[in-house]
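Every chain is numbered from 1, with letters handed out A, B, ... down the list of sequences.
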There are 2 protein chains.
Amino acid sequence: MNIPEGYDPRAFEPFAVTVDLAVLTVRADRLHALLVQRGQEPYAGSWALPGGFVLPRESAGTAARRELAEETGLSGATVAGLHLEQLRTYTEPDRDPRMRVVSVAYTALVPDLPEPRGGGDAAEARWLPYDEVPPLAFDHGRILADARERVGAKLEYTCLATAFCPPEFTLGELRQVYETVWGVPLDRPNFRRKVLTTPGFVEAVEGPPRRTGGRGKPAALYRAGGATALHPPLLRPEGRTA
Amino acid sequence: MNIPEGYDPRAFEPFAVTVDLAVLTVRADRLHALLVQRGQEPYAGSWALPGGFVLPRESAGTAARRELAEETGLSGATVAGLHLEQLRTYTEPDRDPRMRVVSVAYTALVPDLPEPRGGGDAAEARWLPYDEVPPLAFDHGRILADARERVGAKLEYTCLATAFCPPEFTLGELRQVYETVWGVPLDRPNFRRKVLTTPGFVEAVEGPPRRTGGRGKPAALYRAGGATALHPPLLRPEGRTA
DNA sequence: GCAAAAGTGTTCGTAGTACACCCATGA
DNA sequence: TCATGGGTGTACTACGAACACTTTTGC
């Protein structure tokens with residue numbers, strides 16, 4: 001721990017610890033982020049990531065789920081099942097002009113959800129297409145960009161894409177997630193084979209129910225399998241961020 | 001930011017913010033971690049990860065480099081060139097029995113270094129083989145395990161392995177890093193081809209100097225190239241953590 | 001019928017795997 | 001000389017890329 005001689009942490013101006021949430025979804029074939037409009041200074045009127053203070057007896061992960069439930073209006077039970085992942089912690093001394101705030105950022109991947117009802121705290125909450133996100137308050141633009149990059153990379157070597165889908169989904173919907181996040185088209189037959197031959201990626205829903213996404217042949221339904229890692233990975237074409 | 005009505009962060013018992021360092025190296029074909037022996041309660045006498053408090057006007061990354069320089073006895077300039085990466089932040093309310101401490105953990109990958117001179121602060125510092133690390137103070141065992149897992153995974157799809165090597169190294173030394181961290185033998189000819197055909201992974205040191213690691217034919221020298229990502233990845237055999 | 005999406009099959013090239021083999025050095 | 005590790009070549013295989021084709025729906 002290496003506490004310097006005579007160091008008393010309480011003698012310093014205290015640190016505040018917050019969580020910030022980069023909540024992403026795929027909606028109408030576009031990547032969207034959940035943003036809130038700030039009602040107070042600093043950055044009043046600006047858009048920002050949802051988040052808030054970690055309470056004294058709470059872990060950051062617990063705080064993140066609590067805030068997510070508040071902001072999305074989903075029940076605690078529903079939120080408990082969502083994929084939430086610690087992204088990174090942002091600690092620049094001047095990232096908040098008011099005081100020293102260290103923020104633990106989380107990324108949440110959610111299926112297309114109903115429009116959020118501005119989470120109680122006056123601020124308006126809204127899904128915004130990723131490409132149309134205005135400059136954000138604090139360093140939230142940076143956080144959101146980091147989240148997007150992380151998610152794109154994780155799709156390659158994990159089964160994470162299913163987190164963007166409803167409990168039962170078609171392979172077309174799953175492929176749409178990849179195409180939307182990566183911004184490149186994928187070969188449908190090859191994608192299908194890759195997913196189906198990876199053990200535990202998806203499992204077929206036995207009952208012969210089928211569903212249509214509009215026109216075209218109805219597609220078989222699948223749900224997420226037990227696997228989390230994806231070996232060998234599903235690399236995006238060109239191997240570069242598109 | 002979503003500050004609850006009437007919330008004053010200063011009214012709560014303050015959070016302390018620390019950094020903890022999982023410093024890894026490859027030494028004598030084994031993975032080693034840099035550990036310090038605690039001189040004071042709690043956990044007096046136990047081994048722990050090096051680390052310390054983040055100062056009021058310092059970012060966590062700056063604090064991590066400062067602590068690393070102190071613990072390893074290296075100059076600031078040398079430490080500035082090392083690979084240091086934020087791992088994760090540990091926030092369980094009771095992870096430190098004294099007070100609420102949130103710790104930002106960093107992983108540092110360093111080439112084989114001289115034995116550290118117990119960083120000034122009374123505590124003894126030592127390289128210990130990863131397999132022989134005793135139970136650590138606080139949640140540091142968990143942090144170290146997370147670091148090891150992260151490093152193993154990153155070797156697959158980044159050029160990170162060069163961070164374990166001195167500025168000029170042979171392909172045999174580089175391969176040794178993979179074999180040590182993954183715990184599996186790799187085919188030498190295939191490894192060589194993979195590394196050399198990946199643009200920017202390594203670049204040959206032009207001068208015809210060669211070096212021997214003991215017996216055998218002298219090997220050509222290389223230094224780290226400009227690339228960071230590795231496409232396509234270099235997957236470990238079996239695709240599983242060995 | 002036509003468009004659109006699902007699902008199946010086939011070909012081709014390349015990258016990884018598993019070797020065999022030669023070279024240069026130290027003991 | 002032998003053991004050890006560096007360096008080169010090669011055949012086999014598997015997987016991904018590309019694309020043709022059939023099926024089933026809505027309009």
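The CG atom of B:Leu186 sits 15 Å away from the P atom of D:dG5 (whole-angstrom rounding). In this structure, A:Lys194 atom NZ and C:dG7 atom C1' are separated by 19 Å, rounded to whole Å. One can place CZ of A:Arg215 at 7 Å from C1' of D:dG26, the figure rounded to the nearest angstrom. As a whole-Å value, the separation of B:Phe191 CZ from D:dG6 C1' is 13 Å. Between the CG atom of A:Leu221 and the P atom of C:dG7 there is a distance of 9 Å, given to the nearest Å. Rounded to whole Å, the distance from CG on B:Leu174 to P on D:dG6 is 12 Å. Between the CD atom of A:Glu179 and the P atom of C:dA5 there is a distance of 11 Å, given to the nearest Å. Atom CZ of A:Arg188 and atom P of D:dT23 are 15 Å apart (whole Å).
The salt bridge (Lys or Arg N to Asp or Glu O under 4.0 Å) pairs that include a residue from residues 176-195 of chain B are B:Arg175-B:Glu179, where partners are two or more places apart or lie in different chains.
The terminal axes of the helix from C:dG1-D:dC27 to C:dA27-D:dT1, fitted over 5 pairs per end, subtend an angle of 10° to the nearest 10°.
Applying the salt bridge (Lys or Arg N to Asp or Glu O under 4.0 Å) criterion to B:Asp131, with sequence neighbours excluded, gives B:Arg30. In this structure, the ring-ring contact (aromatic ring centres under 6.0 Å, His included) partners of A:Phe191, at least two apart in sequence or on a different chain, are A:Tyr178. Judged as a side-chain contact (heavy atoms from CB on, under 4.5 Å), and not counting sequence neighbours, the contacts of A:Ala69 are A:Val79. For the side-chain contact (heavy atoms from CB on, under 4.5 Å) test, residues two or more places apart in sequence or in another chain that qualify with A:Ser103 are A:Thr18, A:Asp20, A:Arg95. Taking the salt bridge (Lys or Arg N to Asp or Glu O under 4.0 Å) definition, one finds that B:Arg142 meets it with B:Asp146, sequence neighbours left out. B:Ala224 pairs by the side-chain contact (heavy atoms from CB on, under 4.5 Å) definition with B:Thr162, not counting sequence neighbours. Under the ring-ring contact (aromatic ring centres under 6.0 Å, His included) criterion, B:Tyr130 pairs with no residue, sequence neighbours left out. Not counting sequence neighbours, B:Thr197 has no partner by the side-chain contact (heavy atoms from CB on, under 4.5 Å) test.
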Please list, for nucleotides 9-11 of chain D, all pairs of protein and nucleotide N/O atoms separated by less than 3.5 Å.
| residue | atom | partner | partner atom | Å |
| --- | --- | --- | --- | --- |
| D:dG9 | N7 | B:Arg193 | NH1 | 3.3 |
| D:dG9 | O6 | B:Arg193 | NH2 | 3.2 |
| D:dT10 | O4 | B:Arg193 | NH2 | 3.1 |

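The side chain of A:Arg192 places an N or O atom within less than 4.0 Å of a non-bridging phosphate oxygen (OP1 or OP2) of C:dT8.
Proximity of the aromatic rings of B:Tyr157 and A:Tyr157 is defined here by a centroid distance below 6.0 angstrom, and this criterion is met.
For the contact set between residues 158-167 of chain B and DNA chain D, defined by any heavy atom under 4.0 Å, there are no members.
A:Val181 has its side chain within reach of A:Val151: a pair of non-hydrogen atoms, C-beta onward, lies under 4.5 Å apart.
For the pair B:Leu234 and A:Gly172, both in contact range of DNA chain C, the more 5′-proximal nearest nucleotide belongs to A:Gly172.
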